[in-house]
Amino acid sequence: MLSKVYDPKPVETKWADAWQKDRLFIPCPSPKRKPFVVVIPPPNITGALHMGHALTYTLQDVLVRYQRMLGREACWAPGTDHGGIATQNVLEKALKAEGKTRADLGREEFLKRMWAWYKECGATILNQLRKLGCSLDLNPDNVRFTMDSKRAASVYEAFRSLWAKGLIYRGARMINWCSRCGTALSDIEVEHEDEKSKLWHIRYPFQDGSGSVTVATTRPETMLGDTAVAVHPEDARYKGMSGKMLKLPLTHRSIPLVADEGVEKDFGTGAVKVTPAHDPLDFEIGKRHNLEIIRVISFEGHMTKICPSEYAGLSVQAARKRIVEDLNTAGLLVKEEHYKHSVSKCSRCNQHIEPLVSEQWFVKMKSQAAPAIAAAEKEEVKFYPPSWKKPFTDWLNNIQDWCISRQIWWGHRIPAWYCRKCSGPGLKFSDRGGLSRVSFAQGAKPVVSFEKPPACPDCGGTDLLQDPDVLDTWFSSALWPFSIFGWPEKTKDLEYYYPASVLVTGYEIIYLWVARMVMSGIEHMGKPPFSQVYLHGIVRDRHGKKMSKSLGNVIDPLAMIEKYGTDAMRFSLMAQTLGGKDIPFSEETIIGGRNFVNKLYNVARFIQMYLPARPGPLTAERPDELADRWILERYAAALDRSKAAMTEYDLPKAQDALYSFVWDELCDWYLELAKPRLAGPDKEKVMGLLLELFTGSLKALHPFIPFITEELYANLKLYLDKSQATSHRSQVKPDSGEQRRAGYLLEESWPAAAVAASDASALMEELMGVITQIRTARAQFEIPPGKAINALAASNDASALSRLKAGAGYIKLLAKVENFTLGVGLVKPPRSVSAISGPFNIYVPMDGAVDLEKEKGRLAKELERVRAESAQCLVRLNDPSFAARAPAAEVEKIKARSKDSAGRISRLTIILEELSD
RNA sequence: GCGCGGUUAGCUCAGCGGUAGAGCGCCUCUCUUACACAGAGGAUGCCACAGGUUCAAAUCCUGUACCGCGCACCA
């Protein structure tokens with residue numbers, strides 16, 4: 001006998017290995033079948049998978065397995081992402097622990113270590129995906145990496161093509177600089193956070209001694225780089241002053257007062273200091289007024305040498321403190337106010353971002369955004385939930401050029417080369433404090449080439465240097481939907497599988513990734529990379545807080561798998577991914593999943609008890625009792641509901657329909673009714689139906705909980721008629737010589753059941769109501785479940801009574817009734833408990849005396865309930881406008897309910913009166 | 001500042017126009033040979049607030065409050 005409790009671990013390991021070994025997930029293009037393609041969001045190789053990965057990959061696996069069972073050629077190609085800054089930070093952290101920096105190692109050695117890390121971490125991640133049950137073929141020949149040679153070719157081609165079209169350029173612009181990561185960032189990699197700070201009011205005196213102008217700033221240290229003070233041209237307070245010179249405090253420079261529309265009259269003093277090198281707005285003002293750009297903050301986050309010597313070299317924080325003190329001493333600090341404002345932080349390391357002017361590579365986005373917006377508007381790319389369409393198009397409508405160069409080492413190096421000779425002495429690479437920057441002579445033009453060009457096309461010089469920067473990691477991610485199929489090579493896969501069916505990912509990367517894929521798909525492939533985008537939420541802790549190490553609320557999916565099994569975790573994740581909302585997750589929700597998996601295991605155990613020793617198909621003849629007809633109807637309904645929910649990406653609903661069918665109907669009712677029949681003449685027919693329904697449920701549940709279903713099916717399928725096992729692929733995919741196990745559940749068809757409507761449900765529900773009433777009476781008077789009782793049912797409705805008579809067997813069985821008497825006008829026996837169900841009065845005689853007060857209380861409460869119901873009906877029926885305006889069916893329904901409750905009231909009243917006598 | 005969500009049982013959430021639901025937790029009874037990771041039964045809700053639309057509102061509309069989350073160059 002098998003253990004009573006299911007142990008998932010050996011089972012899950014066994015099947016995960018078998019699926020991989022038999023290479024069941026390797027897609028094979030076939031003109032006969034429509035592909036179903038899911039583009040995997042490649043996990044960054046930054047470490048182990050977290051709960052968010054578990055969610056997104058489970059979701060995708062459910063869709064892929066489901067579509068595979070519907071007969072589509074499912075393609076879900078695995079891969080990992082090099083993850084740029086995030087991954088480089090992992091290694092830098094490790095180096096720091098060794099007391100080293102990346103500069104100590106040098107670029108070449110550092111990259112060697114990064115590749116070693118990729119090998120280790122990449123393998124770990126793939127193994128974790130296998131444990132998650134993902135139906136990905138993880139054989140090395142099928143796994144992609146954003147930095148492998150094929151993807152490098154894709155990246156180069158995309159760069160070359162954009163460059164050739166003039167969509168890539170290099171120039172000095174205001175960018176976001178993270179001095180901790182040592183690199184520029186794009187706008188979306190910057191997060192904004194409210195921070196308490198101060199607003200300092202500083203007086204700038206006029207050079208001619210005619211008073212002063214007071215400016216307000218949150219960043220006093222940048223004043224050393226001020227090259228103007230700006231006011232609004234129509235600000236009366238500063239009328240006629242524009243063009244006058246001001247003395248810049250703490251320096252020996254003087255700067256002009258300029259008038260600019262960009263200044264907000266009503267803010268602060270109406271005068272703003274202008275630091276073109278360190279503020280985006282100031283940069284714009286500077287351009288309009290041709291102001292000098294003085295960079296006073298270095299890439300390392302220190303005050304530069306241009307600053308007066310007492311400040312040069314100080315950190316930004318130290319300089320701020322010192323400057324405020326000095327201004328105060330000089331009597332130029334007018335006031336200090338408490339102030340809350342939003343500051344920019346690096347999304348990778350949470351350090352303050354320094355806006356500064358720097359030469360970087362950019363992609364022009366406006367022209368690429370336009371067709372992407374159109375695709376969303378026309379729903380060629382459709383969002384689930386649809387509410388994401390607006391944020392998507394809004395962002396694209398306001399898109400800025402994309403800064404794609406990063407001053408790190410890990411990534412695709414920018415394929416641009418510079419001729420030393422042509423560029424002149426201005427071309428030089430510098431390496432300061434671990435940062436590589438390059439500066440160029442005016443007009444130096446790079447040559448775009450994947451490999452080092454043999455000679456400079458202009459002067460024939462052979463001393464060419466490659467740009468030291470690498471591309472933003474999202475540059476390669478943006479190409480993923482087609483680079484995974486080998487683009488720019490025109491492969492068969494690319495032709496068959498592009499565009500994908502659906503992209504599933506978290507909403508937090510809708511701009512970072514989704515929008516860019518849509519744009520580059522249209523740009524390079526001529527059409528959007530997928531037609532549907534399913535955006536899910538973020539896994540949070542049970543109270544909705546983001547999981548973070550510092551809060552200590554992180555749940556490790558691998559630990560949960562270890563403890564409860566993958567199926568249990570998948571089940572509980574899928575139960576909660578509704579409507580793209582964030583998912584509150586806690587360990588206890590997994591227990592629900594585990595319990596269900598255990599339930600299935602025990603149903604199988606039950607069935608196996610009655611299975612003949614020698615495997616072989618059971619009879620296909622169906623039993624035809626009420627319960628049989630009823631359960632078939634319920635089964636068909638559950639499959640329908642589940643299927644309908646799947647097409648709407650409502651996975652919780654799809655899963656729940658099957659869950660409640662199995663637990664609440666198949667187990668709680670049908671199985672119990674089947675028990676005695678399994679010892680009778682109907683045995684084989686009942687077993688046949690039970691097996692059909694249960695294996696069908698396993699099939700339908702397989703996408704959600706692949707392991708337990710595969711396991712149980714493997715044991716039961718030997719008893720199934722061959723017509724019930726229908727694989728899509730066995731015939732399309734001939735054995736490649738190797739011995740391959742056949743008959744996997746995952747290759748079966750998703751079940752179908754067509755059942756004609758009948759009265760079975762209504763009849764069954766009537767019986768269930770009576771059974772529940774008797775059970776309730778038993779429970780209220782604490783009759784032990786094992787103890788048999790007698791019961792009587794009385795009614796004036798003869799046809800109802802005959803229905804009940806037909807179902808008496810079920811009542812006796814499920815309510816544990818020994819003698820069940822029924823008839824018209826039966827008299828309530830002394831010392832009995834009463835109940836009402838539909839048209840029936842039910843009496844349950846007790847052994848001893850009945851606690852009259854308890855019984856009266858119980859019935860009085862029921863009476864009160866029915867009276868309320870009746871009153872509610874009457875209110876509506878007495879309202880003439882209800883009859884006039886409500887649909888006829890509704891009026892009929894209420895009339896029937898009213899009549900029914902009136903009858904119950906009188907019957908209850910009589911019973912209560914008799915009790916009081 | 002603009003935008004988007006949320007507010008329903010102790011907790012986490014479904015329901016989105018016709019008698020308030022699930023899971024977990026709680027209480028009672030049962031270890032009855034599928035399952036105590038179970039079975040049977042039970043308690044628990046002014047469905048955030050205020051107006052409106054409707055024969056009928058948790059459900060639609062309009063406001064308000066509180067809580068989240070995006071986007072945004074007001075120094």
Side-chain angles (χ1 to χ4, degrees), chain A residues 1-2 4-6 174 188 192 199 215-219 222 230 262-264 266-269 271-275 279-284 341-342 344 355 385 387-388 390-391 394-395 398 507-508 510-511 538 542-544 564 568 572 575-576 578-586 588-589 591-610 652-653 656 659-660 667-668 671-672 675 772 775-787 814-816 865 868-869 872-873 875-876 879-887 889-891 893-894 897 901:
Chain A
M1 192 69 178
L2 290 163
K4 285 184 177 187
V5 175
Y6 171 62
M174 180 66 61
I188 24 178
H192 303 276
L199 189 61
V215 298
T217 182
T218 55
R219 304 216 41 198
T222 62
V263 179
E264 198 71 37
D266 303 324
F267 187 88
T269 59
V272 56
K273 58 191 274 315
V274 182
T275 323
D279 183 276
L281 175 65
D282 294 5
F283 182 72
E284 292 305 315
H341 69 138
S342 134
S344 305
S387 54
W388 281 107
K390 186 174 148 56
D394 282 356
W395 185 78
N398 293 313
Y507 65 72
E508 75 272 22
I510 183 171
Y511 311 129
I538 296 165
R542 60 176 308 176
H543 298 295
Y564 302 102
S572 65
Q576 290 170 284
L578 203 103
K581 282 190 284 196
D582 288 351
I583 293 139
F585 196 80
S586 66
E588 73 190 34
T589 72
I591 293 175
R594 181 203 57 182
N595 293 356
F596 180 58
V597 170
N598 189 240
K599 188 82 179 174
L600 290 173
Y601 167 80
N602 274 291
V603 175
R605 238 165 43 101
F606 173 81
I607 290 175
Q608 276 170 324
M609 272 172 33
Y610 294 93
K653 203 190 264 175
D656 187 62
Y659 167 88
S660 32
C667 290
D668 288 350
L671 217 56
E672 293 305 321
K675 278 177 183 173
T772 302
R775 281 171 168 176
T776 304
R778 297 181 61 118
Q780 302 255 311
F781 291 89
E782 298 185 0
I783 300 166
K787 193 179 155 144
L814 296 186
K816 193 91 180 160
R865 228 204 69 233
E869 184 185 302
Q872 224 172 26
C873 292
V875 166
R876 288 159 79 176
D879 180 351
S881 52
F882 175 68
R885 306 241 181 149
E890 182 62 23
V891 178
K893 202 172 97 190
I894 299 299
R897 189 187 299 160
S901 53

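Atoms considered below: every heavy atom in the structure, side chains included; atoms not considered: hydrogens, waters and symmetry mates. Quick note on labels: first sequence line is chain A, next is B, and so on, each numbered from 1.
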On a whole-Å scale, what distance lies between the P atoms belonging to B:rU64 and B:rC27? 45 Å
How do A:Ala604 and A:Glu782 order along RNA chain B: which one's closest nucleotide is nearer the 5' end? A:Glu782
Are A:Arg775 and A:Leu814 close enough that some pair of their side-chain heavy atoms sits under 4.5 Å apart? yes
Using a 4.0 Å heavy-atom cut-off across all strands, classify A:Glu890 as base, sugar-phosphate, or nothing. base
Using atom C1' in both nucleotides, what's the gap between B:rU59 and B:rG18 to the nearest angstrom? 11 Å
Which part of the nucleic acid, if any, lies within contact of A:Val597, taking any heavy atom under 4.0 Å across all strands shown: a base, the sugar-phosphate backbone alone, or nothing? nothing
Between protein and nucleotides 35-42 of chain B, map the contacts as a letter string: B base, S sugar-phosphate only, - none, heavy atoms under 4.0 Å, written 5' to 3'. BSBSBSS-
Specify the separation, in whole Å, of atom NZ of A:Lys653 and atom C1' of B:rG23. 17 Å
Could you check how far CZ of A:Arg542 sits from P of B:rU12, rounded to whole Å? 7 Å
Reckon A:Arg778 touches a base, only the sugar-phosphate, or nothing at all at heavy-atom distances under 4.0 Å? nothing
Pairing of RNA chain B as dot-bracket, 5' to 3': ( ) intra-strand, [ ] crossing, | other strand, . unpaired, with Watson-Crick or G-U pairs under 3.5 Å? ((((((((.[[[[.)..(..]]]].(((((.......))))).....[[[[[..)....]]]]])))))))....
Please lay out, stage by stage, how A:Thr222 and A:Lys273 fare under the test side-chain contact (heavy atoms from CB on, under 4.5 Å). CA-CA 9 Å; A:Thr222 62; A:Lys273 58 191 274 315; 2.6 Å; yes
Listed partners of A:Lys390 passing salt bridge (charged side-chain N to carboxylate O under 4.0 Å, His left out), at least two apart: A:Asp394
OP1 or OP2 of B:rU19 versus the side-chain N and O atoms of A:Arg897: is any pair under 4.0 Å? yes
Counting the atoms with a prime plus P, OP1 and OP2 as sugar-phosphate, which does A:Lys273 contact under 4.0 Å by heavy atoms, base, sugar-phosphate, or nothing? nothing
Which sits closer to the 5' end of RNA chain B, A:Lys390 or A:His192, going by the nucleotide each is nearest to? A:Lys390
What distance, rounded to whole Å, do you find between the two P atoms, one in B:rC67 and one in B:rU8? 15 Å
Would you kindly give the CD-to-P distance between A:Glu264 and B:rA72, to the nearest whole Å? 18 Å
Atom C1', compared across B:rG52 and B:rG17: separation rounded to whole Å: 16 Å
A:Asp879: which residues meet the side-chain hydrogen bond (donor to acceptor under 3.5 Å, both in side chains) condition with it, sequence neighbours left out? A:Ser881
Between the protein and nucleotides 65-70 of chain B, list the N/O to N/O atom pairs that are separated by less than 3.5 angstrom.
none

Using the C1' atom in both, what is the distance from B:rC49 to B:rU44, to the nearest Å? 23 Å
Write down the distance separating the P atoms in B:rG42 and B:rG23, rounded off to the nearest Å. 13 Å
Take atom CD of A:Gln576 and atom P of B:rC24, then tell me their distance rounded to the nearest Å. 13 Å
Euclidean distance, atom CG of residue A:Leu671 to atom P of B:rU33 [Å, nearest integer]: 15 Å
Classify the angle between the aromatic ring planes of A:Tyr507 and A:Trp388 as parallel (below 30°), tilted (30 to 60°) or perpendicular (above 60°). parallel
For a quick test of reading the model, state the closest non-hydrogen atom pair linking A:Val5 to A:Tyr601 and the distance between them. C-CE2, 3.8 Å
All side-chain hydrogen bond (donor to acceptor under 3.5 Å, both in side chains) counterparts of A:Lys581, not counting sequence neighbours: none
Within the structure shown, what part of the strands sits under 4.0 Å from A:Glu869 by heavy-atom distance: base, sugar-phosphate, or nothing? base
Please state how far atom CZ in A:Phe283 lies from atom C1' in B:rA75, giving the value in whole angstrom units. 17 Å
Nearest whole angstrom, please: distance from the C1' of B:rG21 to the CG of A:Asp656. 11 Å
Could you tell me how far B:rU19 sits from B:rU12 if I compare only their P atoms? Round to whole Å. 28 Å
Pairwise side-chain contact, A:Phe882 with A:Glu890, heavy-atom cut-off 4.5 Å (strictly under): yes
Using every non-hydrogen atom in the two residues, find where A:Arg778 and A:Lys816 come nearest and quote the distance to one decimal. NH1-O, 3.0 Å
What is the minimum heavy-atom distance between A:Gln576 and A:Ile583, and which atoms define it? O-CG1, 3.5 Å
What is the nucleic acid contact for A:Pro887, judged by heavy atoms within less than 4.0 Å: base, sugar-phosphate only, or nothing? base
Determine the minimum heavy-atom distance between A:Gly262 and A:Leu281, stating which atoms define it. O-CD2, 4.3 Å
Residue A:Val272, side-chain atoms from C-beta onward, closest of B:rG23, B:rU19, B:rA75: B:rA75
Return yes if some donor-acceptor pair links the side-chain N/O of A:Asn598 with the main-chain N/O of A:Arg594 below 3.5 Å, else return no. no
How long is the line joining CG of A:Asn398 and C1' of B:rC73, in whole Å? 13 Å
Among the nucleotides B:rU12, B:rA75, B:rU33, whichever has the atom closest to the side chain of A:Met609 is B:rU33
Which of the following nucleotides, B:rA34, B:rU19, B:rG23, is nearest to the side chain of A:Gln872? B:rU19
Using side-chain heavy atoms (C-beta onward) and a distance below 4.5 Å, is A:Trp395 in contact with A:Ile510? no
What's the gap between B:rC61 and B:rU53 when it is taken at their P atoms, as a whole Å value? 15 Å
Between A:Cys667 and A:Val603, which heavy-atom pair has the shortest distance, and what is it? SG-CG2, 3.4 Å
